[in-house]
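Order of the sequence lines fixes the chain letters, A, B, ..., with proteins taken first and strands second; residue numbering starts at 1 for each chain.
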Protein chains: 2
Amino acid sequence: MTNVTQDVRDDFVRLWGSLGTFWGVSPTTARVFGWLFSRSEGADAEEMMTALDLSRGAVSMSCKELRDWGLLTSERPPGSRRTLYSSERDLEKVVRHVVQIRKQREWDPILENLEAWLPRLESESGDDAEFLAERLKAVEQLVELADSMVERLLKGGTVTNFGLKVLVGGAARRSKKPRTSDKAS
Amino acid sequence: MTNVTQDVRDDFVRLWGSLGTFWGVSPTTARVFGWLFSRSEGADAEEMMTALDLSRGAVSMSCKELRDWGLLTSERPPGSRRTLYSSERDLEKVVRHVVQIRKQREWDPILENLEAWLPRLESESGDDAEFLAERLKAVEQLVELADSMVERLLKGGTVTNFGLKVLVGGAARRSKKPRTSDKAS
DNA sequence: CAAGGTCTTCAGGAAATATTGAAAATTCGG
DNA sequence: CCGAATTTTCAATATTTCCTGAAGACCTTG
């Protein structure tokens, strides 16, 4: 393996790590996934410790978390004592798993709260209660819309399929066209 | 205003605050927005300090950040020396602004990186470089798909309109039906 | 079933992030 | 312009989040 390849891999792992918060895990956990995803073969804990400069505990915890998210598999090959980890290879599956888990953990509780608050406000009279109820209903409506879209994404086969429903104009084609709003004033 | 209304408002502000990281701001900043959004009238800094138990500096910084995101407006009414802050009232606009800014700050750099990495790998030969290029292309494809969808959301008028494109089955209706996958095994 | 090897857990330390508080800047009326 | 009222800024501090390291659990093989 050349240095170029290794450099690109390192950059990719770094970027992916910095994106961890975006999908709800720590940078280290995200780096572990990125690293595994960038390799054609699985790896054992020792290898990750070296490659990513992590403690044994960090590797173990990250892998556990990624397993919980359904983003990697672990197996123990016969004849070896070490666990071999491999990332999920299908990125769409990765997206679906992440979306599903975040939905359960974060969106569903919001809706439960909203559903508990509105009846309480309806039993009140003042203008203030009415106004707040209005606003909460607006929130509920939007969250429920997002919720339905997520449901559809999860049930509807591939992410790409989901995208095609939206991108009727054909903008989904992989293209080199410059993105808009790149460097707004 | 009754205690019930105030209690609901407080709970709402607390929840909204805990969601801050989800859309990329600190809990305090998120609470400020939630509080303003829950009120029919604007408020001055003094009032926020009391209601949200924040320092003067925190209020100023939070409001500045929210203004940057386009989520609140500030005006100085004639005859008063205090700035009056009001939240954006249209939740859809809020969503669009948040999405747009996060796209610019986070997604666009990803695509730029990917576009720089792939040519470097293509000038390499080994299996390893080829494999990594494959994976990066998969990432690029997905990010570009997401990108296109976001563009469409931003350009396509309302969030609700966007949702209707996806929810052809009518699942978008505001309903009381229990959400699926609430408490999975 | 003992021993060596590997993984997991978790208390404690380290790093990153958020918030305060007070000094400096700004704004406005006089 | 001056001075009071208000906002902004930012170094210091507090808080949260993350990672380490070592003790113990768990396997696997001889």
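- A/Y85 pairs with exactly one of A/E75, A/E47, A/R67 by the side chain to side chain contact (heavy atoms under 4.5 Å, CB included) rule, that one being A/R67.
- Ring geometry for B/F37 against B/F33 counts as parallel: the plane angle stays under 30°, on a 0 to 90° scale with 60° as the upper cut.
- Atom CG of A/D53 is separated from atom P of C/dA15 by 13 Å (rounded to the nearest Å).
- The backbone N or O of B/A58 lies less than 3.5 Å from a partner atom in the side chain of B/S55, making a donor-acceptor pair.
- Separating the NZ atom of B/K64 from the P atom of C/dT19 is a distance of 16 Å, rounded to the nearest angstrom.
- A donor-acceptor contact under 3.5 Å links the side chain of A/R81 to the base of D/dT28.
- Using a 4.0 Å heavy-atom distance criterion, A/S60 is classed as a base contact.
- The distance between atom CD of B/E46 and atom P of D/dT7, rounded to the nearest whole Å, is 8 Å.
- Within 4.0 Å of A/R31, counting heavy atoms only, lies no atom of the nucleic acid at all.
- Across the interface with DNA chain D, nearest-nucleotide mapping of B/A45 and A/P27 shows B/A45 to be the residue nearer the 5′ end.
- Contact check, A/S55 against D/dT20: a side-chain N or O comes under 4.0 Å of OP1 or OP2.
- Summarising the geometry, the separation between CE on B/M61 and C1' on D/dC10 is reported as 9 Å, rounded to the nearest angstrom.
- Nucleotide C/dT20 holds its C1' atom 10 Å from the CE atom of B/M49, rounded to whole Å.
- With rounding to whole Å, B/E65 atom CD is found 11 Å from C/dA18 atom C1'.
- Counting to the nearest Å, the C1' atom of C/dA18 and the CG atom of B/L54 are 11 Å from each other.
- The distance between atom CZ of B/R67 and atom P of D/dT7, rounded to the nearest whole Å, is 11 Å.
- Taking the six-membered ring for Trp and the full ring otherwise, B/F22 and A/W107 have centroids separated by under 6.0 Å.
- Base engagement by B/R56 is indicated by at least one non-hydrogen atom pair under 4.0 Å involving a base atom.
- Using a 4.0 Å cut-off, no side-chain N or O of B/T29 falls inside it from OP1 or OP2 of C/dA18.
- Using modelled atom types, one side-chain atom of B/S80 and one backbone atom of B/R82 make a donor-acceptor pair closer than 3.5 Å.
- Here A/T83 lies in heavy-atom contact (under 4.0 Å) with sugar-phosphate atoms only.
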